[in-house]
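Heads up, the thing below is written out as structure tokens.
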Amino acid sequence: MNIKQILAKKVSAAMLAAGLPEGTNPAISLSNRPQFGDYQANGVMGAAKKLKTNPRELATKVVEQLNLDGIADKIELAGPGFINIHLAKTWLASQLSNVANDEYIGVTQRGKSEADKKQTVVVDYSAPNLAKEMHVGHLRSTIIGDAVVRALEFRGDKVIRQNHMGDWGTQFGMLIAHLSDKLASDEVAETALADLENFYREAKVRFDEEEGFADRARADVVKLQSGDEQCAKLWQKFIDISISHSEEIYDKLNVSLTRKDIMGESAYNDDLSTVIDELMANKIAVEDQGAKVVFIDEMANKDGEPSVFIVQKSGGGYLYATTDLSACRYRSGKLQADRIIIFTDARQALHFKQVEIVARKAGFLPEQVVYDHCPFGMMMGDDGKPFKTRTGGTIKLAELLDEAVTRASGLIKEKNPDIDEVTLADISKKVGIGAVKFADLSKNRTSDYIFNWKTMLSFEGATAPYLQYAYSRIQSIFTKAEAATFSDNIQVIEPQEKALALKLLQLEDVIDAVISECTPNLLCNYLYELASLYMSFYEACPILKEGISAEVKESRLALCNLIAKTLQQGLDILGIDVMDRM
């Protein structure tokens, strides 16, 4: 139970004893100024309004009933009915000691959800198109999704990853026809597909310009959809090599997706006709100009015209809409999801709102299943436009990550000229990849952001290198301390120690918020604030200096150990590595 939960329970009991209705929200929140205490209970004012009574008088009654003996050393009223709570340093110290002695290395226990609250959560993220190599546009879905997945698993939920890869559609006829010609010319498939972008470009030029090729491509689509063995074999070859490209990216990014998490568009093929039949039978979809369409009145425009959602083309072809409806049914039915989370860029928000409305009408998405489409903004260049190469082309994600490692290597080498090549390579990868990920994850998910190498690789400010350095700095203290031991009882004496104690004990609240809102930036902010408080503590509270008693030294070393483990655990949730030396 975290601080907010403990205080909420105590304040709720006091409210009930003071005559407030059972279930009144105590509205516990962190104080934004130290003079107003560490936490505030703000629920009295809302209750007073409902009861049509004086809020300060009501708050006075609540305070009289509030028993925080041993927890708070001061409780005071402020304004019209705020209850300010100043926590006792001795109590904070005992809470920290409990965490430090935790069998789950000091932090995991704080994150575990209660067994009865565990959920099955299906998370759809990354979802590259296997007709092309992953580019920078796939970065946000991949790393935001993975951070939320790791947070969910850290809290104890059952998470089912779903990589909804684009592995079907008309473009594959074009690619199969081109690959067939390459193999006929004695080229090896792996060689022909080594550069997916170039392969796709070649096929597209032929499709647009070469006589007869487009007809062949369309015929191959029909063959593929009809189960033609040779087309299916070429398609599978293309898929296998394409997936290998994606796996290389996931490995570089330290992302937890694996081949077994892939549930491509093709996986839903056998269900698509059934989806259409059920929509038509239940009069949810109607035929309109040869196509099957759902007219969504709930999303009508200002003129009262319903939103149009096409689920089958006039020629009989299926769309993303059909596949996503089938996915809803599969995830809520077969996978027994309590919650479905989907990460895509903001341009698809309308589509997924339509999917949810239609899926709920059709019963593909039961009422109790939470459906969260989590849109995100764009990565922009310095010019404020979508991030591209100087010639205006799409930047391959692999090239971006390689450049990050190269730039990090230059910075590390500059600071440590004598570093050996093996150590340099290891640190450069962790710093470079971490910098790219943290720069993205630390931004509000729904906002666009400017990609800037200099800022993200800085060792100052809210960056991965700054946090990694804070961790390595603590490790250097342990090295200097040599055989020093950690105290079983952490002391909280100085203001800097109290500030750290409060921050360390907020981890569970932060992770809950990350999970609830799918916003990893909250964890990024928390870790930066923790590292900053550590730096202030390091300057103000000597640890190994002569004249420091063994008791204080051991306590501060234990506090440092807990900070290091929290930084490591928090960065691990973000998919960012730490190192003992930088």
Side-chain angles (χ1 to χ4, degrees), residues 1-9 28-32 38-39 71 85 87 89 91-115 117-118 144 146-157 159 434 437-438 441-442 462 464 466-468 470-471 474 486 490 492 496-537 558-578:
M1 190 178 292
N2 60 31
I3 294 177
K4 280 182 74 172
Q5 290 171 330
I6 291 169
L7 294 179
K9 189 174 181 180
I28 304 295
S29 65
L30 269 169
S31 174
N32 54 11
D38 302 310
Y39 282 83
I71 296 174
I85 301 168
L87 296 172
K89 289 179 181 179
W91 183 78
L92 288 170
S94 69
Q95 297 303 301
L96 278 187
S97 296
N98 290 340
V99 172
N101 294 321
D102 201 304
E103 64 178 295
Y104 293 101
I105 54 171
V107 287
T108 308
Q109 181 74 343
R110 286 180 285 165
K112 292 296 178 184
S113 58
E114 296 172 25
K117 292 182 180 177
K118 287 185 181 180
I144 295 172
D146 205 57
V148 172
V149 159
R150 288 168 181 255
L152 284 160
E153 289 184 328
F154 176 72
R155 291 288 277 129
D157 287 324
V159 178
K437 294 183 75 170
F438 193 88
L441 293 169
S442 62
Y466 176 77
L467 297 177
Q468 290 166 322
Y471 177 85
I474 296 172
F486 301 146
I490 295 175
V492 175
Q496 292 83 0
E497 291 172 318
K498 182 176 182 182
L500 273 171
L502 284 165
K503 184 59 66 176
L504 285 164
L505 294 169
Q506 289 164 20
L507 178 66
E508 187 176 345
D509 287 339
V510 172
I511 291 176
D512 282 347
V514 169
I515 289 170
S516 174
E517 303 299 324
C518 298
T519 46
N521 64 295
L522 299 177
L523 179 57
C524 294
N525 295 343
Y526 169 83
L527 294 173
Y528 171 62
E529 289 168 1
L530 177 62
S532 298
L533 288 170
Y534 163 70
M535 296 300 187
S536 298
F537 158 78
L559 185 58
C560 285
N561 191 41
L562 188 51
I563 296 163
K565 286 178 176 178
T566 304
L567 286 172
Q568 183 177 22
Q569 181 65 73
L571 287 170
D572 183 66
I573 289 172
L574 300 174
I576 296 172
D577 290 323
V578 293

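Rounding to the nearest 0.5 angstrom, the gap separating the CD atom in Glu508 from the CZ atom in Arg155 is 4.5 Å. In this structure, the separation between CH2 on Trp91 and CD1 on Ile6 is 4.0 Å, given to the nearest 0.5 Å. For the atom pair CD (Gln95) and CG (Leu504), the distance works out to 12.5 Å, reported to the nearest 0.5 Å. Phe438 contributes atom CZ, which lies 6.5 Å from atom CD1 of Ile576 (distance to the nearest 0.5 angstrom). If you take CG on Asp512 and CG on Leu522, they are separated by 11.5 Å, rounding to the nearest 0.5 Å. Of the inter-residue distances, the one linking Leu507 atom CG with Thr566 atom OG1 reads 6.5 Å to the nearest 0.5 angstrom.
Asp38 has its side chain out of reach of Ser31: every pair of non-hydrogen atoms, C-beta onward, lies at least 4.5 Å apart. Residues Lys498 and Leu502 meet the side-chain proximity criterion, which asks for heavy atoms closer than 4.5 Å. Ile71 has its side chain within reach of Leu87: a pair of non-hydrogen atoms, C-beta onward, lies under 4.5 Å apart. In this structure, the side chains of Leu527 and Leu567 come closer than 4.5 Å at one or more pairs of heavy atoms. Proximity of Ile3 to Leu92: side-chain heavy atoms (C-beta onward) are separated by under 4.5 Å at one or more points. Using a 4.5 Å heavy-atom cutoff, the side chains of Val514 and Phe154 are not in contact. In this structure the side chain of Ile144 never reaches within 4.5 angstrom of the side chain of Cys518, judged on heavy atoms. Counting only heavy atoms from C-beta outward, the side chains of Tyr526 and Asp509 never approach each other to under 4.5 Å.
Closest of all the heavy-atom pairs between Leu441 and Ala147 is CD2-CB, 4.3 Å. Nearest heavy-atom pair, Asn521 versus Ser442, reported as atom, atom and distance to 0.1 Å: CB-O, 3.4 Å. Across all their heavy atoms, Ala558 and Ile490 have their closest contact at CB-CG1, 3.8 Å. For the residue pair Leu467 and Ala531, the shortest heavy atom distance occurs at CD2-CB, 3.4 Å. Here the shortest heavy-atom pairing between Tyr471 and Gln568 reads OH-OE1, 3.7 Å. Closest of all the heavy-atom pairs between Gln468 and Asp577 is NE2-O, 2.8 Å.
Although no hydrogens or angles enter the test, the distance criterion places no donor-acceptor pair under 3.5 Å between the side chain of Ser516 and the main chain of Ala513. Listed for the Lys437 side chain is a donor-acceptor partner under 3.5 Å among the backbone atoms of Gly575. A distance-only check finds a donor-acceptor pair linking the side chain of Gln5 to the backbone of Asn2 [under 3.5 Å]. Side chain of Tyr534 to main chain of Leu500: no donor-acceptor pair is present (N/O by atom type, distance under 3.5 Å, no hydrogens or angles). Remark: side-chain polar atoms of Arg150 are paired, donor with acceptor, to backbone N or O of Asp572 under 3.5 angstrom.
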